[in-house]
Amino acid sequence: MSACKEDDPRIHGIKSKIRVVPDFPKTGIMFQDITTLLLEPKSFKDTIDLFVERYKEKNISVVAGIEARGFIFGSPIALAIGAKFVPLRKPGKLPADVIKQDYTLEYGNDCLEMHVGAVESGERALVVDDLIATGGTLCAAMSLLERAGAEVVECACVIELPDLKGRERLQGKPLYVLVESH
């Protein structure tokens, strides 16, 4: 599901604040820069509010944010809906025992790690990131949470690049996005 198809005036404001940077981090990539969104408090708040409105009544107990931009959006969502925040980090960043998942990006390979015990069996989880491209990062995040026994209720991203068909890799898991970029 995409909020960008809804007639909410906040969506236009959010979309207008996202800067596109060509050839970053590699040639051919059109980087969707959310730092310009963060510079505009009203648009940043609208972004968080739209997610909170969607998830406040869904009995989410875990918001898992993907490093690093998923932390920016996931933490305030978790606070607002009364859920714990679990950071999903790149290798070597967490100090205790971790479980990890390797995955493929649109421009390389990477790995996500989560502390052992951060999520308990049966918890209802929301995965948050700034963007879905090929879907590899979200799939890795879902795998980590499900291996720990959580039920992933939905994935939420500010931006979707639908031309890269990442949604199709999510194995039917619901995805909620605010804006699409082609």
Enquirer: Taking Glu146 for its side chain and Val152 for its backbone only, find out whether a donor-acceptor pair lies under 3.5 Å.
Expert: no
Enquirer: Please collect all salt bridge (Lys or Arg N to Asp or Glu O under 4.0 Å) contacts where either partner lies in residues 128-140, sequence neighbours excluded, each pair once.
Expert: Arg69-Asp130
Enquirer: Kindly indicate, with the supporting measurements, whether the criterion side-chain contact (heavy atoms from CB on, under 4.5 Å) is fulfilled by Leu175 and Leu138.
Expert: CA-CA 10 Å; Leu175 170 67; Leu138 288 179; 4.2 Å; yes
Enquirer: Hey, could you give me the OG1/CG distance between Thr137 and Leu88, rounded to the nearest 0.5 Å?
Expert: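 Answer rounded to 0.5 Å: 10.5 Å.
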Enquirer: Please identify each residue that fulfils ring-ring contact (aromatic ring centres under 6.0 Å, His included) with Phe85, with sequence neighbours left out.
Expert: Phe71
Enquirer: Going by heavy atoms in the side chains, are Ile11 and Leu50 under 4.5 Å from each other?
Expert: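 Ile11 reaches Leu50 side chain to side chain.
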Enquirer: Using the rule that two of Ile, Leu, Val, Met, Phe, Trp, Tyr join whenever any of their side-chain heavy atoms come within less than 4.5 Å, decide whether Leu164 and Val179 are in one cluster.
Expert: yes
Enquirer: Tell me the closest heavy-atom pair linking Val63 and Gly74, and the distance in Å.
Expert: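 So the two residues come closest at CG1-O, 3.5 Å.
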Enquirer: I would like to know whether Arg167 and Glu180 meet salt bridge (Lys or Arg N to Asp or Glu O under 4.0 Å); could you show each step before the answer?
Expert: CA-CA 12 Å; Arg167 183 181 292 263; Glu180 294 177 351; 5.2 Å; no
Enquirer: Any side-chain heavy atom of Pro91 within less than 4.5 Å of one from Asp110?
Expert: yes
Enquirer: Holding to side chain to side chain contact (heavy atoms under 4.5 Å, CB included), I want the full list of residues that pass it with Arg169, two or more places apart in sequence or in another chain.
Expert: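 For Arg169, the residues satisfying side chain to side chain contact (heavy atoms under 4.5 Å, CB included) (neighbours in sequence not counted) are Thr134, Cys139.
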Enquirer: For residues Leu145 and Ala125, report the shortest heavy-atom separation together with the two atoms involved.
Expert: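 Smallest heavy-atom distance, with atoms named: CD1-CB, 4.1 Å.
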Enquirer: Strictly distance-based, threshold 3.5 Å: is any side-chain N or O of Lys56 a donor or acceptor partner for the main-chain N or O of Gly82?
Expert: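 Checked: no pair found.
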Enquirer: Can a donor-acceptor pair be found, under 3.5 Å and without considering hydrogens, that links the side chain of Thr36 to the backbone of Arg19?
Expert: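 Yes, Thr36 side chain to Arg19 backbone: donor-acceptor pair under 3.5 Å.
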Enquirer: For residues Leu178 and Phe73, determine if any side-chain heavy atom of one lies less than 4.5 Å from a side-chain heavy atom of the other.
Expert: no
Enquirer: Less than 4.5 Å apart, any side-chain heavy atom of Ile77 and any of Ile60?
Expert: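 Contact flag for Ile77/Ile60 side chains = no.
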Enquirer: Side chain of Arg124, backbone of Val153: donor and acceptor closer than 3.5 Å?
Expert: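 It does not hold such a pair.
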Enquirer: Are there more than 12 heavy atoms of other residues, nucleotides or ligands under 6.0 Å from atom CG of Asp97?
Expert: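 No, the 6.0 Å shell around CG holds no more than 12 heavy atoms from other groups.
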Enquirer: When rounded to the nearest 0.5 angstrom, what is the spacing between NZ in Lys45 and OG1 in Thr47?
Expert: 10.5 Å
Enquirer: Leu131 and Val158: side-chain contact (heavy atoms from CB on, under 4.5 Å), yes or no, with the steps?
Expert: CA-CA 6 Å; Leu131 177 138; Val158 178; over 6 Å; no
Enquirer: Work out which heavy atom in His115 is nearest to a heavy atom in Ala96; give both atom names and the distance.
Expert: NE2-N, 3.1 Å
Enquirer: What's the spacing between Asp49 CG and Ser43 OG if we round to 0.5 Å?
Expert: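 With rounding to 0.5 Å, CG (Asp49) is 11.5 Å from OG (Ser43).
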Enquirer: If every non-hydrogen atom of Val127 is compared with every non-hydrogen atom of Met142, which pair is closest and at what distance?
Expert: CG2-CG, 4.4 Å
Enquirer: Do Phe44 and Ile72 touch side chain to side chain, with heavy atoms closer than 4.5 Å?
Expert: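 A side-chain contact exists here, since the closest heavy-atom pair is under 4.5 Å.
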Enquirer: Tracing side-chain links under 4.5 Å among I, L, V, M, F, W and Y, which residues wind up in one group with Met30?
Expert: Val20
Enquirer: Does anything in residues 78-90 form a salt bridge (Lys or Arg N to Asp or Glu O under 4.0 Å)? List the pairs, not counting sequence neighbours.
Expert: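 Of all non-adjacent pairs touching residues 78-90, those that pass salt bridge (Lys or Arg N to Asp or Glu O under 4.0 Å) are Glu67-Arg89, Lys84-Glu123.
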Enquirer: Taking Lys17 for its side chain and Glu40 for its backbone only, find out whether a donor-acceptor pair lies under 3.5 Å.
Expert: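 Not confirmed, Lys17 side chain does not pair with Glu40 backbone.
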Enquirer: Looking only at heavy atoms, what is the nearest atom pair of Ser181 and Ile159, with distance?
Expert: CB-CG2, 4.2 Å
Enquirer: Rest of the hydrophobic cluster containing Val98 (Ile/Leu/Val/Met/Phe/Trp/Tyr, side-chain heavy atoms under 4.5 Å)?
Expert: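 When side chains under 4.5 Å apart are linked, the cluster holding Val98 also contains Leu94.
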Enquirer: Is there a side-chain contact (heavy atoms from CB on, under 4.5 Å) between Met114 and Arg147 once you walk through the steps?
Expert: CA-CA 11 Å; Met114 176 178 73; Arg147 285 170 47 206; over 6 Å; no
Enquirer: Mind listing the closest non-hydrogen atom pair of Gly28 and Asp23 along with its distance?
Expert: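 So the two residues come closest at N-OD1, 2.8 Å.
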Enquirer: How long is the straight-line distance from CG of Leu144 back to NZ of Lys100, given to the nearest 0.5 Å?
Expert: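 The NZ atom of Lys100 sits 11.0 Å away from the CG atom of Leu144.
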Enquirer: Run Arg54 and Glu154 through salt bridge (Lys or Arg N to Asp or Glu O under 4.0 Å) and show every step you take.
Expert: CA-CA 11 Å; Arg54 179 165 179 85; Glu154 192 162 271; 2.7 Å; yes
Enquirer: Group every Ile, Leu, Val, Met, Phe, Trp and Tyr by side-chain heavy-atom contacts under 4.5 Å, then state whether Val62 and Val116 land in the same group.
Expert: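 Yes; tracing contacts between hydrophobic side chains, which count when under 4.5 Å, links both residues.
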